[in-house]
Visitor: 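So that we are looking at the same thing, I have put the structure below in structure tokens.
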Amino acid sequence: IASHMPISGLVITFSSTVAEHSEALNDLSKFPEIEIGVCHGSKLAIVVDSNSKARDQEIWNSVRQLPGVIDVAVAMVAFDEPDKMNAEES
């Protein structure tokens, strides 16, 4: 059975510029599943690459609760299919 691992592209909106939210950025960096992307004004792009839908949801909930976060928008959700990808490479 193939394991579907969710990969989510999220855009976090802060109450002011991203640079003013160092505590939240520090908290984000503690998640091994989160890759911090580009920021523009009060918006920050992140990628969440977790091993299950449940863990993905836990991370989203944690991000929503970070200090200064006023919105978390989903830009993209995909599901990795490692077994299928490996078969195509053979």
Visitor: Rounded to the nearest 0.5 Å, what separates atom CD1 in Ile12 from atom CG in Asp71?
Guide: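 Atom-to-atom, Ile12:CD1 and Asp71:CG are 10.0 Å apart.
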Visitor: Going by side-chain hydrogen bond (donor to acceptor under 3.5 Å, both in side chains), name the residues that satisfy it together with Ser62, two or more places apart in sequence or in a different chain.
Guide: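 Here no residue qualifies.
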Visitor: I'd like to check the side-chain hydrogen bond (donor to acceptor under 3.5 Å, both in side chains) partners of Lys53; sequence neighbours left out, ordered by chain and number.
Guide: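 side-chain hydrogen bond (donor to acceptor under 3.5 Å, both in side chains) check on Lys53 returns nothing, list empty.
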Visitor: Classify the side-chain pair Asn61/Gln65 by whether it contains a donor and acceptor separated by less than 3.5 Å.
Guide: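 Judged by distance alone, the side chains do not pair up.
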Visitor: If the condition is side-chain hydrogen bond (donor to acceptor under 3.5 Å, both in side chains), which residues does Ser16 pass it with, not counting sequence neighbours?
Guide: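 Counting only residues at least two positions away or on another chain, Ser16 forms a side-chain hydrogen bond (donor to acceptor under 3.5 Å, both in side chains) with Glu20, His21.
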Visitor: Any side-chain heavy-atom pair from Val47 and Ile7 closer than 4.5 angstrom?
Guide: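 Yes, side chains in contact.
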Visitor: Is there a side-chain contact between Val74 and Trp60 (heavy atoms, below 4.5 Å)?
Guide: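 Contact flag for Val74/Trp60 side chains = yes.
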Visitor: Grouping I, L, V, M, F, W and Y whenever their side-chain heavy atoms are under 4.5 Å apart, do Ile34 and Val11 come out in a common cluster?
Guide: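 No, because Ile34 and Val11 fall into different hydrophobic clusters, even though each may have its own neighbours under 4.5 Å.
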Visitor: What are the two closest non-hydrogen atoms of Ala24 and Pro67, and how far apart are they?
Guide: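 Heavy atoms of Ala24 and Pro67 come nearest at CB-O, 3.7 Å.
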Visitor: With sequence neighbours left out, what residues match Val18 under side-chain contact (heavy atoms from CB on, under 4.5 Å)?
Guide: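 Applying side-chain contact (heavy atoms from CB on, under 4.5 Å) to Val18 gives Phe14, Leu25, Cys39, Leu44.
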Visitor: Starting from the C-alpha separation in whole Å, work towards a yes-or-no answer on side chain to side chain contact (heavy atoms under 4.5 Å, CB included) for Ser42 and Thr13.
Guide: CA-CA 6 Å; Ser42 64; Thr13 303; 3.9 Å; yes
Visitor: Do Val63 and Leu28 have side chains that get closer than 4.5 Å, going by heavy atoms?
Guide: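 The answer is yes; the side chains approach within 4.5 Å.
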Visitor: Apply side-chain hydrogen bond (donor to acceptor under 3.5 Å, both in side chains) to Ser50 and list each qualifying residue two or more places apart in sequence or on a separate chain.
Guide: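 side-chain hydrogen bond (donor to acceptor under 3.5 Å, both in side chains) check on Ser50 returns Asp56.
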Visitor: Do Phe79 and Leu10 share a hydrophobic cluster, counting only Ile, Leu, Val, Met, Phe, Trp and Tyr and linking them when any side-chain heavy atoms are less than 4.5 Å apart?
Guide: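 Yes, Phe79 and Leu10 fall within the same hydrophobic cluster.
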Visitor: According to the side-chain hydrogen bond (donor to acceptor under 3.5 Å, both in side chains) rule, which pairs have a member within residues 23-35, sequence neighbours left out?
Guide: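 Every pair satisfying side-chain hydrogen bond (donor to acceptor under 3.5 Å, both in side chains) with a residue in residues 23-35: Glu33-Arg55.
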Visitor: State plainly whether one hydrophobic cluster holds both Leu66 and Phe31, where clusters connect Ile, Leu, Val, Met, Phe, Trp and Tyr through side-chain heavy atoms under 4.5 angstrom apart.
Guide: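 The answer is yes; both residues are in one hydrophobic cluster.
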